Amino acid sequence: MKKDFISIKDLTEKEITDIFALTSLLKKNKARFNKVLAGKTLALIFQKPSNRTRVSFEVGMYQLGGNSIYLAPHEINLGVRESIKDAAMTLSRYVDAIVLRTFAHKDILEMAKYAAVPVINGLTDLLHPCQAMADIYTLKEKLKNIKGKVLSYMGDGNNVCNSLLYACARSGLNIRVAAPEGFAPDKTVFKEAAAIAKSNKVSLNLFSDPCQAASGADVIYTDVWTSMGQEKESKERKKIFKDFQVNKELIKLAKKDVLIMHCLPAHRGEEITDEVIESKNSVIFDQAENRMHAQKAILIKLLKK
Ligand code: CP
Ligand code: NVA
(Lines give C-alpha, C1' and ligand atoms only; values in the text may rest on other atoms or scores of the structure.)
(Ligands and ions follow the chains in the order given, each with its own letter.)
Protein backbone atom coordinates (compact mmCIF):
# COMPACT_ATOMS: atom_id res chain seq x y z
CA MET A 1 0.00 0.00 0.00
CA LYS A 2 1.24 3.52 -0.76
CA LYS A 3 2.33 5.62 2.21
CA ASP A 4 1.79 9.36 2.63
CA PHE A 5 3.64 11.95 4.71
CA ILE A 6 0.91 14.13 6.15
CA SER A 7 1.56 14.38 9.88
CA ILE A 8 4.33 13.45 12.31
CA LYS A 9 1.59 11.96 14.47
CA ASP A 10 1.46 9.04 11.97
CA LEU A 11 5.16 8.21 12.36
CA THR A 12 6.69 5.97 15.00
CA GLU A 13 9.83 7.05 16.83
CA LYS A 14 11.71 4.34 14.90
CA GLU A 15 10.48 5.69 11.54
CA ILE A 16 11.68 9.16 12.54
CA THR A 17 15.06 7.79 13.62
CA ASP A 18 15.38 5.91 10.31
CA ILE A 19 14.61 9.08 8.32
CA PHE A 20 17.28 10.94 10.32
CA ALA A 21 19.87 8.19 9.76
CA LEU A 22 19.27 8.43 6.01
CA THR A 23 19.31 12.25 6.22
CA SER A 24 22.83 12.08 7.68
CA LEU A 25 24.03 9.77 4.89
CA LEU A 26 22.52 12.04 2.24
CA LYS A 27 24.08 15.11 3.78
CA LYS A 28 27.53 13.50 3.98
CA ASN A 29 27.59 11.83 0.61
CA LYS A 30 25.52 13.51 -2.07
CA ALA A 31 27.11 11.64 -4.99
CA ARG A 32 26.21 8.19 -3.65
CA PHE A 33 22.50 8.88 -4.08
CA ASN A 34 22.48 10.75 -7.39
CA LYS A 35 20.52 8.10 -9.31
CA VAL A 36 18.37 6.62 -6.62
CA LEU A 37 15.15 8.25 -7.93
CA ALA A 38 16.07 8.21 -11.64
CA GLY A 39 12.98 8.17 -13.81
CA LYS A 40 10.71 9.40 -10.99
CA THR A 41 8.72 12.64 -11.12
CA LEU A 42 7.41 14.72 -8.25
CA ALA A 43 4.49 17.15 -8.66
CA LEU A 44 4.57 20.23 -6.42
CA ILE A 45 1.12 21.78 -6.09
CA PHE A 46 1.38 25.10 -4.26
CA GLN A 47 -1.69 27.11 -3.34
CA LYS A 48 0.47 29.50 -1.27
CA PRO A 49 3.90 31.11 -1.85
CA SER A 50 7.16 29.37 -0.88
CA ASN A 51 10.91 29.72 -1.02
CA ARG A 52 12.38 26.91 1.13
CA THR A 53 9.79 24.19 0.56
CA ARG A 54 9.59 24.57 -3.17
CA VAL A 55 13.29 25.02 -3.82
CA SER A 56 14.47 22.32 -1.40
CA PHE A 57 12.08 19.77 -2.91
CA GLU A 58 12.97 20.68 -6.49
CA VAL A 59 16.73 20.71 -5.92
CA GLY A 60 16.51 17.62 -3.70
CA MET A 61 14.61 15.66 -6.36
CA TYR A 62 17.16 16.74 -8.99
CA GLN A 63 20.05 15.63 -6.77
CA LEU A 64 18.42 12.20 -6.42
CA GLY A 65 18.26 11.81 -10.21
CA GLY A 66 14.54 12.56 -10.46
CA ASN A 67 12.47 15.34 -11.93
CA SER A 68 9.86 17.72 -10.54
CA ILE A 69 7.02 19.82 -11.87
CA TYR A 70 5.91 22.97 -10.05
CA LEU A 71 2.22 23.81 -10.32
CA ALA A 72 1.36 27.34 -9.16
CA PRO A 73 -2.03 28.24 -7.63
CA HIS A 74 -3.59 29.40 -10.90
CA GLU A 75 -2.58 26.24 -12.79
CA ILE A 76 -4.35 23.34 -11.12
CA ASN A 77 -6.60 25.75 -9.21
CA LEU A 78 -7.63 22.94 -6.86
CA GLY A 79 -11.33 22.67 -6.15
CA VAL A 80 -12.19 25.47 -8.61
CA ARG A 81 -11.04 24.35 -12.05
CA GLU A 82 -11.51 20.72 -11.03
CA SER A 83 -12.18 18.76 -7.85
CA ILE A 84 -9.32 17.61 -5.63
CA LYS A 85 -10.43 14.05 -6.35
CA ASP A 86 -10.13 14.45 -10.13
CA ALA A 87 -6.81 16.25 -9.83
CA ALA A 88 -5.47 13.48 -7.56
CA MET A 89 -6.66 10.69 -9.86
CA THR A 90 -5.23 12.38 -12.95
CA LEU A 91 -1.84 13.28 -11.48
CA SER A 92 -1.46 9.72 -10.17
CA ARG A 93 -1.37 8.55 -13.81
CA TYR A 94 1.64 10.79 -14.53
CA VAL A 95 3.76 11.33 -11.43
CA ASP A 96 5.26 9.20 -8.67
CA ALA A 97 4.50 11.50 -5.72
CA ILE A 98 2.75 14.77 -4.94
CA VAL A 99 3.77 17.58 -2.58
CA LEU A 100 0.81 19.77 -1.68
CA ARG A 101 0.90 23.16 0.05
CA THR A 102 -2.62 24.36 0.75
CA PHE A 103 -5.00 26.03 3.20
CA ALA A 104 -7.56 23.64 4.71
CA HIS A 105 -6.01 20.50 6.16
CA LYS A 106 -9.01 18.46 4.99
CA ASP A 107 -7.93 19.19 1.40
CA ILE A 108 -4.66 17.30 1.80
CA LEU A 109 -6.51 14.39 3.39
CA GLU A 110 -8.81 14.38 0.37
CA MET A 111 -5.82 14.47 -2.00
CA ALA A 112 -4.18 11.56 -0.15
CA LYS A 113 -7.42 9.57 -0.20
CA TYR A 114 -7.79 9.71 -3.98
CA ALA A 115 -4.14 9.77 -5.08
CA ALA A 116 -2.65 6.39 -5.91
CA VAL A 117 0.81 7.83 -5.22
CA PRO A 118 2.33 9.19 -1.96
CA VAL A 119 1.18 12.65 -0.91
CA ILE A 120 3.57 14.83 1.10
CA ASN A 121 2.37 17.73 3.23
CA GLY A 122 4.22 20.87 2.13
CA LEU A 123 2.24 22.91 4.73
CA THR A 124 -1.43 23.34 5.54
CA ASP A 125 -3.12 25.77 7.90
CA LEU A 126 -2.88 23.02 10.53
CA LEU A 127 0.52 21.37 10.08
CA HIS A 128 4.02 21.72 8.62
CA PRO A 129 5.62 18.32 9.19
CA CYS A 130 8.58 18.67 6.76
CA GLN A 131 9.65 21.73 8.75
CA ALA A 132 9.46 19.95 12.10
CA MET A 133 11.49 17.00 10.77
CA ALA A 134 14.30 19.34 9.69
CA ASP A 135 14.07 21.16 13.02
CA ILE A 136 14.48 18.04 15.16
CA TYR A 137 17.25 16.81 12.87
CA THR A 138 19.04 20.16 13.34
CA LEU A 139 18.72 19.88 17.10
CA LYS A 140 20.16 16.36 17.03
CA GLU A 141 23.12 17.67 15.04
CA LYS A 142 23.73 20.52 17.47
CA LEU A 143 22.89 18.94 20.83
CA LYS A 144 23.62 15.24 20.12
CA ASN A 145 21.25 13.95 22.80
CA ILE A 146 17.99 15.87 22.70
CA LYS A 147 16.11 13.74 25.24
CA GLY A 148 15.04 15.78 28.23
CA LYS A 149 16.06 19.12 26.70
CA VAL A 150 13.55 22.00 26.75
CA LEU A 151 12.28 23.75 23.60
CA SER A 152 10.29 26.93 24.21
CA TYR A 153 8.10 28.09 21.34
CA MET A 154 7.07 31.76 21.44
CA GLY A 155 4.09 33.33 19.73
CA ASP A 156 1.35 31.96 17.52
CA GLY A 157 0.15 28.40 18.11
CA ASN A 158 0.10 27.85 14.34
CA ASN A 159 0.92 25.07 11.84
CA VAL A 160 4.64 25.13 12.69
CA CYS A 161 3.90 24.99 16.42
CA ASN A 162 1.40 22.13 15.96
CA SER A 163 3.90 19.98 14.07
CA LEU A 164 6.60 20.76 16.63
CA LEU A 165 4.31 19.49 19.38
CA TYR A 166 4.03 16.08 17.69
CA ALA A 167 7.72 16.03 16.76
CA CYS A 168 8.98 16.94 20.24
CA ALA A 169 6.61 14.50 21.93
CA ARG A 170 7.78 11.66 19.65
CA SER A 171 11.47 12.56 19.95
CA GLY A 172 11.70 12.99 23.73
CA LEU A 173 12.06 16.76 23.80
CA ASN A 174 10.11 18.75 26.42
CA ILE A 175 8.12 21.55 24.81
CA ARG A 176 6.68 24.77 26.25
CA VAL A 177 4.40 26.97 24.18
CA ALA A 178 3.97 30.61 25.18
CA ALA A 179 1.03 32.16 23.33
CA PRO A 180 -1.41 35.00 23.97
CA GLU A 181 -4.94 34.07 24.98
CA GLY A 182 -6.87 32.77 21.99
CA PHE A 183 -3.72 31.80 20.06
CA ALA A 184 -2.85 28.48 21.70
CA PRO A 185 -2.11 25.49 19.45
CA ASP A 186 -4.95 23.45 17.98
CA LYS A 187 -6.83 21.66 20.79
CA THR A 188 -6.95 18.25 19.10
CA VAL A 189 -3.27 18.38 18.17
CA PHE A 190 -2.40 19.38 21.72
CA LYS A 191 -4.42 16.51 23.20
CA GLU A 192 -2.90 13.96 20.82
CA ALA A 193 0.63 15.27 21.35
CA ALA A 194 0.08 15.24 25.12
CA ALA A 195 -0.86 11.55 24.95
CA ILE A 196 2.30 10.76 22.96
CA ALA A 197 4.35 12.89 25.38
CA LYS A 198 2.96 11.04 28.37
CA SER A 199 3.90 7.64 26.97
CA ASN A 200 7.37 9.02 26.19
CA LYS A 201 7.84 10.72 29.59
CA VAL A 202 8.04 14.13 27.94
CA SER A 203 6.39 17.28 29.24
CA LEU A 204 4.27 19.57 27.13
CA ASN A 205 3.07 22.82 28.70
CA LEU A 206 1.23 25.99 27.77
CA PHE A 207 2.29 29.39 29.14
CA SER A 208 0.85 32.88 28.82
CA ASP A 209 4.07 34.52 30.05
CA PRO A 210 6.94 34.36 27.52
CA CYS A 211 9.56 35.05 30.22
CA GLN A 212 8.42 32.11 32.29
CA ALA A 213 8.47 29.86 29.22
CA ALA A 214 11.96 31.04 28.22
CA SER A 215 13.45 30.49 31.66
CA GLY A 216 16.26 27.91 31.51
CA ALA A 217 15.31 26.80 27.97
CA ASP A 218 17.79 24.92 25.75
CA VAL A 219 16.05 26.08 22.57
CA ILE A 220 13.89 29.10 21.74
CA TYR A 221 11.78 28.86 18.60
CA THR A 222 9.50 31.39 16.98
CA ASP A 223 7.52 31.93 13.78
CA VAL A 224 5.68 34.84 12.16
CA TRP A 225 2.70 36.37 13.98
CA THR A 226 0.72 36.51 10.73
CA SER A 227 0.73 33.34 8.67
CA MET A 228 -0.06 33.05 4.97
CA GLY A 229 -3.79 33.63 4.49
CA GLN A 230 -4.11 35.85 7.62
CA GLU A 231 -2.70 39.03 6.07
CA LYS A 232 -5.83 41.06 6.85
CA GLU A 233 -5.26 40.48 10.60
CA SER A 234 -1.64 41.64 10.49
CA LYS A 235 -2.12 45.04 12.18
CA GLU A 236 -4.17 43.60 15.00
CA ARG A 237 -1.79 40.68 15.48
CA LYS A 238 1.22 42.99 15.86
CA LYS A 239 -0.47 44.47 18.92
CA ILE A 240 -1.56 41.14 20.39
CA PHE A 241 1.86 39.48 20.04
CA LYS A 242 4.17 42.39 20.89
CA ASP A 243 5.28 40.92 24.23
CA PHE A 244 6.24 37.63 22.60
CA GLN A 245 9.15 38.99 20.56
CA VAL A 246 12.34 36.93 20.68
CA ASN A 247 14.94 39.57 21.56
CA LYS A 248 18.15 39.88 23.56
CA GLU A 249 16.31 40.39 26.84
CA LEU A 250 14.20 37.27 26.45
CA ILE A 251 17.19 35.18 25.49
CA LYS A 252 19.06 36.18 28.64
CA LEU A 253 16.49 34.13 30.60
CA ALA A 254 17.36 30.92 28.75
CA LYS A 255 20.51 28.77 29.05
CA LYS A 256 23.69 30.61 28.07
CA ASP A 257 24.21 28.47 24.97
CA VAL A 258 20.51 28.48 23.98
CA LEU A 259 19.83 27.63 20.33
CA ILE A 260 17.59 30.06 18.44
CA MET A 261 15.29 28.67 15.77
CA HIS A 262 12.87 30.10 13.21
CA CYS A 263 11.34 28.27 10.27
CA LEU A 264 11.57 31.39 8.03
CA PRO A 265 10.40 33.54 6.35
CA ALA A 266 10.99 35.93 9.27
CA HIS A 267 9.52 39.36 9.78
CA ARG A 268 12.65 40.90 11.27
CA GLY A 269 11.82 43.40 14.00
CA GLU A 270 8.45 41.76 14.71
CA GLU A 271 8.60 38.23 16.17
CA ILE A 272 12.42 38.25 16.23
CA THR A 273 15.10 40.94 16.17
CA ASP A 274 17.91 41.23 13.62
CA GLU A 275 20.41 40.92 16.42
CA VAL A 276 19.03 37.54 17.52
CA ILE A 277 18.81 36.14 13.98
CA GLU A 278 22.45 37.08 13.42
CA SER A 279 23.66 35.96 16.87
CA LYS A 280 26.06 33.06 17.44
CA ASN A 281 23.19 31.14 19.07
CA SER A 282 21.13 31.17 15.89
CA VAL A 283 20.83 27.90 13.92
CA ILE A 284 18.15 29.33 11.65
CA PHE A 285 19.96 28.89 8.34
CA ASP A 286 21.10 25.37 9.32
CA GLN A 287 17.42 24.57 9.76
CA ALA A 288 16.71 25.93 6.29
CA GLU A 289 19.52 23.85 4.79
CA ASN A 290 18.38 20.70 6.57
CA ARG A 291 14.94 21.00 4.99
CA MET A 292 16.50 19.66 1.80
CA HIS A 293 18.47 16.81 3.36
CA ALA A 294 15.54 15.61 5.46
CA GLN A 295 13.08 15.84 2.55
CA LYS A 296 15.41 13.85 0.31
CA ALA A 297 15.32 11.11 2.96
CA ILE A 298 11.51 11.30 3.08
CA LEU A 299 11.31 11.06 -0.73
CA ILE A 300 13.55 7.97 -0.79
CA LYS A 301 11.58 6.28 2.01
CA LEU A 302 8.29 6.88 0.16
CA LEU A 303 9.43 6.18 -3.39
CA LYS A 304 12.16 3.54 -3.29
CA LYS A 305 10.71 0.04 -3.49
N1 CP B 1 9.81 27.39 6.16
C2 CP B 1 9.15 27.32 4.98
O3 CP B 1 8.36 26.42 4.76
O4 CP B 1 9.47 28.29 4.10
P5 CP B 1 8.71 28.60 2.72
O6 CP B 1 7.33 29.09 3.09
O7 CP B 1 9.54 29.64 2.05
O8 CP B 1 8.62 27.32 1.94
N1 NVA C 1 3.24 29.82 9.90
C2 NVA C 1 3.80 30.22 8.64
C3 NVA C 1 4.87 29.27 8.24
C4 NVA C 1 5.57 29.56 6.94
C5 NVA C 1 6.61 28.55 6.61
C6 NVA C 1 2.72 30.30 7.59
O7 NVA C 1 1.87 29.40 7.55
O8 NVA C 1 2.69 31.26 6.83
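Small disclaimer: the values here were computed from a predicted structure and weren't measured. Order of listing sets the numbers, starting from 1, for every ligand and every atom in it.
The protein heavy atom nearest to atom 7 (O) of ligand 2 is N159 ND2, 2.8 Å. Scanning the protein for heavy atoms near atom 8 (O) of ligand 2, the closest one is M228 N, 2.8 Å. In terms of protein heavy-atom proximity, atom 7 (O) of ligand 1 is closest to N51 N, 2.6 Å. The closest protein non-hydrogen atom to atom 6 (O) of ligand 1 is R101 NH1, 2.8 Å. Nearest non-hydrogen protein atom to atom 5 (C) of ligand 2 is L264 O, 3.6 Å. In this structure, atom 3 (C) of ligand 2 lies nearest to the protein heavy atom D223 OD2, 3.6 Å. Annotation: atom 4 (O) of ligand 1 to nearest protein heavy atom, R52 NE, 2.8 Å. Nearest protein heavy-atom neighbour of atom 2 (C) of ligand 1: R291 NH1, 3.3 Å.
Below 4.0 Å from some heavy atom of C263 lie the following atoms of ligand 1, by number and element: 1 (N).
Here the NZ-CG distance, from K48 to L123, works out to 5.0 Å after rounding to the nearest 0.5 Å. Between the CZ atom of F46 and the OG1 atom of T53 there is a distance of 5.5 Å, given to the nearest 0.5 Å. Taken from CH2 in W225 to CZ in R237, the straight-line distance is 11.5 Å, to the nearest 0.5 Å.
The two residues V276 and S282 have their closest heavy-atom pair at O-CB, 3.6 Å.
Residue contacts with ligand 1 include L264, since one of its heavy atoms falls under 4.0 Å from the ligand. Distances shorter than 4.0 angstrom do not occur between any heavy atom of K48 and any atom of ligand 1.
Residue-to-ligand polar distances place S227 within reach of ligand 2: an N/O pair is separated by less than 3.5 Å. Taking distance alone, with nitrogen or oxygen atoms compared against 3.5 Å, N158 approaches ligand 2 more closely than that limit.
Between the side chain of N162 and the backbone N or O of D186 there is at least one donor-acceptor pair closer than 3.5 Å. Looking only at distances, a side-chain donor or acceptor of R170 sits under 3.5 Å from a matching main-chain atom of L11.
The cationic atom of R54 (NZ for Lys, CZ for Arg) lies less than 6.0 Å from the six-membered ring centre of Y70 and within 45° of the ring axis.
Residue-environment remark: CZ (R81) stays at or below the threshold of 12 foreign heavy atoms within 6.0 Å.
Both L164 and F190 belong to a common hydrophobic cluster when Ile, Leu, Val, Met, Phe, Trp and Tyr are linked at side-chain heavy-atom distances under 4.5 angstrom.
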